[in-house]
Asker: 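Quick one: structure below, then a few questions.
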Amino acid sequence: MTSRDTGAPRRYLVPRDSGEWVWIQPKQKHEFELPYAGRVLRTHEGRTLVANDDGEEFWVKDAEIIKPMHVTSQKTVHDMITLGDLQEYAILRNLIVRYRQKQIYTYTGSMLVAINPYEILPIYTYAEINLYRDRKLGELPPHIFAIGDSAYQEMKREQRDQCIVISGESGAGKTESTKLILQYLAATSGKHSWIEQQIIESNPILEAFGNAKTMRNDNSSRFGKYIDVHFTAEGAIGGARIEQYLLEKSRIVRQNRGERNYHIFYSMLAGLSKDERRALDLEDAPKAYAYLTSGQTLLCEGRNDAKEFADVRSAMTVLAFDDEEIRSILRLLAAILHMGNVKYKATVVQNIDAVEISDTVNVGRVAVLLGVSKAQLLSALTRRTILAHGERVVSQLSKDQALEARDAFVKAIYGKLFITIVDKINRAIYKPSGRGKLSIGVLDIFGFEQFEVNSFEQLCINYANENLQQFFVKHIFKMEQAEYAREGINWTTIDFIDNQEILDMIGMKSLNLMSLIDEETRFPKGTDLTMLSKLHTTHGTKSVYVKPKYDKDAAFGIQHFAGVVFYRVDGFLEKNRDSFSADLKELVTKSTNDYLVALFGTDDSLDTTKRSITLSLQFRNSLDSLMRTLSSCHPYFIRCIKPNDIKRPKIIDKALCVRQLRYSGMMETAKIRKAGYAVRHTYREFVQRYRHLVPGIGPAHKVDCVQAAKDICAKVLVTIPDDYQFGMTKVFLKESHDYLLESERSRVYLHYVVLIQRALRKVLFWRYLRRYRQAAITIQKHWRARGYRAEYLIMRNGYRRLQSVIKSRTQTYAFGRLREAIVQLQAQCRGYLTRRNLRDRITYRARRMHEIIALQRTEELQFRKSGNARWQEDAEHNYWLRVDELNKEMAEPPPPPPAPPTMVVVQPQPSINVEEDNKIVDDVFGFLEGTTSPEPVPKRKPSLAVSKMRQYFEEKSRNKKIIPTKLLSRPVNYYESSRL
């Protein structure tokens with residue numbers, strides 16, 4: 001059996017061309033791991049260096065390379081139908097590369113794949129609406145507005161109803177895509193009216209009552225809806241109608257960790273005024289209510305609950321909800337919250353488990369809001385009445401049974417409230433008319449689900465997805481047939497594989513799963529385990545039914561189109577009944593709350609004498625009606641993909657994307673393509689890629705591409721004849737043809753590569769040879785120049801030192817002469833100053849002696865006139881006193897004269913020894929021939945001794961000397977060198 005028979009990918013063992021893109025085996029063997037793309041950088045000894053799309057480089061074995069990449073996959077395409085090799089891995093890579101370029105939309109025919117960017121992109125403005133208006137699909141880059149416009153134009157042109165099916169996982173962007181489609185339809189119809197505003201305003205109400213925060217999405221739709229937008233003959237919106245499917249009621253009473261209840265509860269507590277909360281006995285904190293805290297998450301990032309409540313109230317006003325209706329809705333929501341706070345206490349009455357409610361405050365609040373008696377409410381919550389043989393039998397409920405009865409009652413109230421709100425919206429936006437109207441339906445429905453624990457809700461959801469998958473596959477098959485018809489290809493032998501067997505087993509043929517579950521639901525003694533036993537007995541031998549590994553495992557499995565899913569049967573029958581106790585039903589009929597009675601007024605479930613309709617039957621009836629509606633329309637599909645679980649932009653989880661692509665049925669497109677001619681090339685691409693396989697075929701722009709393609713196929717595909725076909729514009733090939741063509745192409749290219757390598761290596765060898773020869777010559781040149789340069793450097797350093805010694809001698813001699821002159825000048829100046837000072841002292845003493853003598857004579861005259869007998873002795877005594885003072889004054893040293901300008905004091909220097917200087921110079925430069933030491937030029941003729949000394953040095957300088965190492969290693973100091 002060949003790889004083509006088994007479906008396994010072929011291994012490509014021929015070395016690849018450098019720069020070519022190839023497909024490489026996945027590194028890990030996992031269900032959601034696919035081959036990945038790599039660009040060949042080089043090959044070496046059975047290994048290839050490749051670079052992936054992230055720029056990472058690594059080595060792979062040649063055996064890990066599956067095959068070369070088709071030319072259409074090397075560059076991203078807007079429409080993946082145009083991929084020449086439509087495989088799972090080609091689809092995945094095309095989507096990922098485009099997502100990283102912020103191109104979140106990609107076509108697959110009339111189907112649009114939308115990847116949630118988790119960021120706001122400026123591509124939904126009114127300018128984009130005008131850009132895509134009246135344009136053909138594919139004329140502009142992919143966009144959700146293009147799908148809306150194509151459906152609108154198709155409806156007007158063909159006068160046929162259209163439908164747009166939007167599906168995907170929670171968090172993939174289904175709700176936002178639905179709003180964008182409605183936004184575009186409202187804008188493109190051209191006539192803005194009140195009905196369009198009402199349709200737009202229905203979204204806040206539906207999101208508040210039907211959306212909640214989950215682990216995967218902060219605004220997850222917990223119900224499916226089909227919005228049928230009606231148009232007038234002129235193309236304007238004339239009305240709309242909304243159908244809802246399978247609201248998740250279990251979220252009312254409990255939520256998983258990290259999740260919240262429906263948005264309306266949190267918005268109501270945040271948005272009501274104090275008076276309104278007081279009237280409803282409500283607190284403003286959600287943490288006060290048990291039904292809002294089981295998920296341990298009260299806040300939702302990015303949501304303003306108070307503002308959203310204001311938006312909901314405004315939208316209700318637009319949709320004709322009167323104030324009394326709004327107050328009635330709020331009373332029921334408040335009653336639900338108070339009901340969750342009712343405390344139960346287990347007791348035993350006459351050896352029978354019973355329950356009592358000690359918390360009468362909350363029961364009283366609920367009774368007031370529901371308009372019932374407090375005593376009757378207490379009785380209905382703790383007791384059960386059974387009709388047996390025409391008599392009423394009252395029994396006690398255990399604590400667990402009472403909690404289940406309370407939760408069932410709450411879920412029934414909220415479910416009926418949601419249906420009533422949808423009906424009210426429909427009465428506002430639906431305008432029935434006798435004339436036939438065209439419509440565009442938008443289906444926003446849950447995608448295929450598989451969790452760790454799957455229950456009855458997942459079975460219903462996956463059954464709906466099986467029906468949509470069947471519808472989708474038929475549409476894709478029709479598209480494939482249409483392309484074969486356009487190209488003139490015979491397609492009658494192509495097998496069509498569908499999932500009809502799964503649909504028959506779940507809900508279409510007799511004794512299907514749903515009918516067996518309904519039967520066991522109506523059986524008084526039926527349990528989940530007896531139901532499971534019937535399922536095993538009836539369907540255990542079918543290939544699409546999977547039994548668990550262990551008999552005690554209360555589960556069964558179904559081989560869905562996306563994989564095997566096991567369903568736990570715990571609670572199946574109770575969920576399928578979708579009802580609550582007869583006592584609470586009777587209590588509702590006695591309520592004074594007209595709105596509550598109206599909720600259940602048209603419901604046969606309040607009539608305890610009639611058999612209630614099961615949830616599975618309701619769902620199947622709605623689903624059948626939906627499928628009939630879709631089958632009558634021309635469909636468009638939008639597959640929403642979630643790139644990662646952490647809700648961050650620019651991050652892609654490949655395994656998660658593969659899982660969603662398979663769950664959405666996208667891979668069925670590849671399977672249908674593979675069943676026919678999986679590989680397709682335009683004639684120009686085919687000739688351009690394979691023209692080297694046949695000698696004489698020129699480039700594609702110079703030859704007849706159709707005839708050249710036929711020649712290539714006839715020459716290369718001779719071993720697989722008549723299994724390929726030529727269309728109008730394309731060559732249609734099987735995978736075996738593609739493998740043979742690529743193998744032959746690689747063989748031819750390898751031959752050419754070897755020839756080119758041989759010539760190139762020759763050129764490189766001669767280039768290296770010339771380079772090495774030039775390098776050797778350069779080395780020789782520098783080596784030879786080394787000796788000459790060494791001598792030159794020695795001479796240059798010697799001359800520099802000679803210059804320094806000569807300059808030193810000249811400057812020293814000039815300095816000595818200058819110093820002698822200055823010393824003589826100083827001696828003359830000091831002698832002059834000393835003589836002048838002595839002369840001044842002598843003159844001063846003579847002048848003072850004349851003054852003293854004159855004063856003596858004056859005193860003698862004065863003393864004689866006064867009659868002093870001793871006049872001569874006294875005058876002489878005073879004379880000698882004054883002489884003594886003068887002698888003392890002259891004996892003191894004179895004050896120093898004013899300081900003259902600062903003068904440099906020259907320290908005595910050793911005398912210059914010219915003979916030693918010449919000896920040092922001759923020792924340094926004695927190796928130079930004919931050199932003599934220069935001498936300073938004296939002012940007078942040298943003496944005889946100097947002449948003899950000069951002659952001596954001239955004779956010595958002629959002898960070659962060895963240069964002292966110490967002198968060459970450092971500059972010469974004249975006085976230091978003289979002592980060497």
Side-chain angles (χ1 to χ4, degrees), residues 10 12 14 16-23 67-87 90 94 107-109 136-139 479-491 493-494 670 673-753 755-756:
R10 294 179 178 271
Y12 195 81
V14 181
R16 303 304 310 144
D17 306 331
S18 178
E20 186 174 7
W21 285 90
V22 295
W23 294 111
K67 63 178 181 179
M69 186 183 294
H70 193 277
V71 63
T72 54
S73 296
Q74 296 178 17
K75 52 186 179 181
T76 61
V77 295
H78 294 327
D79 189 348
M80 290 189 291
I81 285 293
T82 62
L83 287 174
D85 188 11
L86 189 61
Q87 304 283 353
N94 191 74
Y107 293 134
T108 303
K136 292 182 180 180
L137 195 66
E139 186 176 344
M479 291 174 56
E480 194 76 358
Q481 289 177 332
E483 183 174 5
Y484 288 158
R486 286 195 305 269
E487 294 288 337
I489 300 299
N490 181 17
W491 48 268
T493 58
I494 299 176
R673 170 73 71 86
K674 206 169 183 179
Y677 294 95
V679 182
R680 303 167 190 186
H681 297 274
T682 63
Y683 285 111
R684 185 181 184 87
E685 291 173 353
F686 185 83
V687 173
Q688 191 65 33
R689 184 168 182 82
Y690 300 113
R691 66 186 182 90
H692 297 99
L693 305 186
V694 178
I697 297 182
H701 63 280
K702 293 184 179 180
V703 298
D704 181 2
C705 292
V706 176
Q707 186 58 45
K710 292 180 179 179
D711 293 342
I712 294 172
C713 292
K715 176 71 174 179
V716 180
L717 303 180
V718 65
T719 58
I720 316 176
D722 301 330
D723 200 17
Y724 51 85
Q725 296 200 42
F726 298 98
M728 299 294 183
T729 61
K730 297 179 182 178
V731 181
F732 290 76
L733 305 171
K734 298 284 188 179
E735 285 191 339
S736 57
H737 301 137
D738 182 65
Y739 174 75
L740 183 58
L741 284 168
E742 289 296 333
S743 299
E744 187 64 17
R745 179 176 179 270
S746 293
R747 185 191 63 79
V748 173
Y749 272 45
L750 183 61
H751 173 69
Y752 290 152
V753 165
L755 292 179
I756 294 172

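In what follows, residues are counted from 1 in the order of the sequence shown.
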Asker: Using residues 704-711 as the side-chain source, report each donor-acceptor pair under 3.5 Å to any protein atom, sequence neighbours left out, with the distance given to one decimal.
Answerer:
residue, atom, partner, partner atom, Å
Asp704, OD1, Val706, N, 3.3
Gln707, NE2, Asp711, OD1, 3.0

Asker: Taking only residues two or more places apart in sequence, or in another chain, which ones meet Thr72 in a side chain to side chain contact (heavy atoms under 4.5 Å, CB included)?
Answerer: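 Thr72 satisfies side chain to side chain contact (heavy atoms under 4.5 Å, CB included) with His70, Leu83, Glu685 only.
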Asker: Establish, yes or no, whether the cationic atom of Arg747 lies under 6.0 Å from the six-membered ring centre of Tyr749 and within 45° of the ring axis.
Answerer: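 No, Arg747 does not lie over the aromatic ring of Tyr749.
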Asker: Does the side chain of Ser73 come within less than 4.5 Å of Trp21's, by heavy atoms?
Answerer: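 The answer is no, as the side chains (C-beta and beyond) never meet within the 4.5 Å cut-off.
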Asker: Do the ring planes of Tyr690 and His681 sit parallel (below 30°), tilted (30 to 60°) or perpendicular (above 60°)?
Answerer: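 It falls in the perpendicular class, over 60°.
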Asker: Could you check if a side-chain atom of Gln725 sits within less than 4.5 angstrom of a side-chain atom of Ile489, using non-hydrogen atoms only?
Answerer: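 Result yes, sub-4.5 Å side-chain heavy-atom pair found.
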Asker: Less than 4.5 Å apart, any side-chain heavy atom of Glu487 and any of Lys730?
Answerer: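 A side-chain contact under 4.5 Å exists here.
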Asker: For residues Thr682 and Thr729, determine if any side-chain heavy atom of one lies less than 4.5 Å from a side-chain heavy atom of the other.
Answerer: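 Counting from C-beta outward, Thr682 and Thr729 never come under 4.5 Å.
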Asker: For the residue pair Leu741 and Leu733, establish whether any side-chain heavy-atom pair is separated by less than 4.5 Å.
Answerer: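 They are in contact (side-chain heavy atoms under 4.5 Å apart), so the answer is yes.
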Asker: How far apart are the closest heavy atoms of Asn94 and Met80, and which atoms are they?
Answerer: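 Closest approach of Asn94 to Met80, heavy atoms only: ND2-CG, 3.4 Å.
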Asker: I'd like to know whether the aromatic ring centres of His737 and Tyr724 sit less than 6.0 Å apart in this structure.
Answerer: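 When the ring centroids of His737 and Tyr724 are compared, they turn out to be within the sub-6.0 Å range.
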Asker: Sequence neighbours excluded, which residues qualify as side chain to side chain contact (heavy atoms under 4.5 Å, CB included) partners of Pro695?
Answerer: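 If we apply the side chain to side chain contact (heavy atoms under 4.5 Å, CB included) test to Pro695, skipping adjacent residues, there are no hits.
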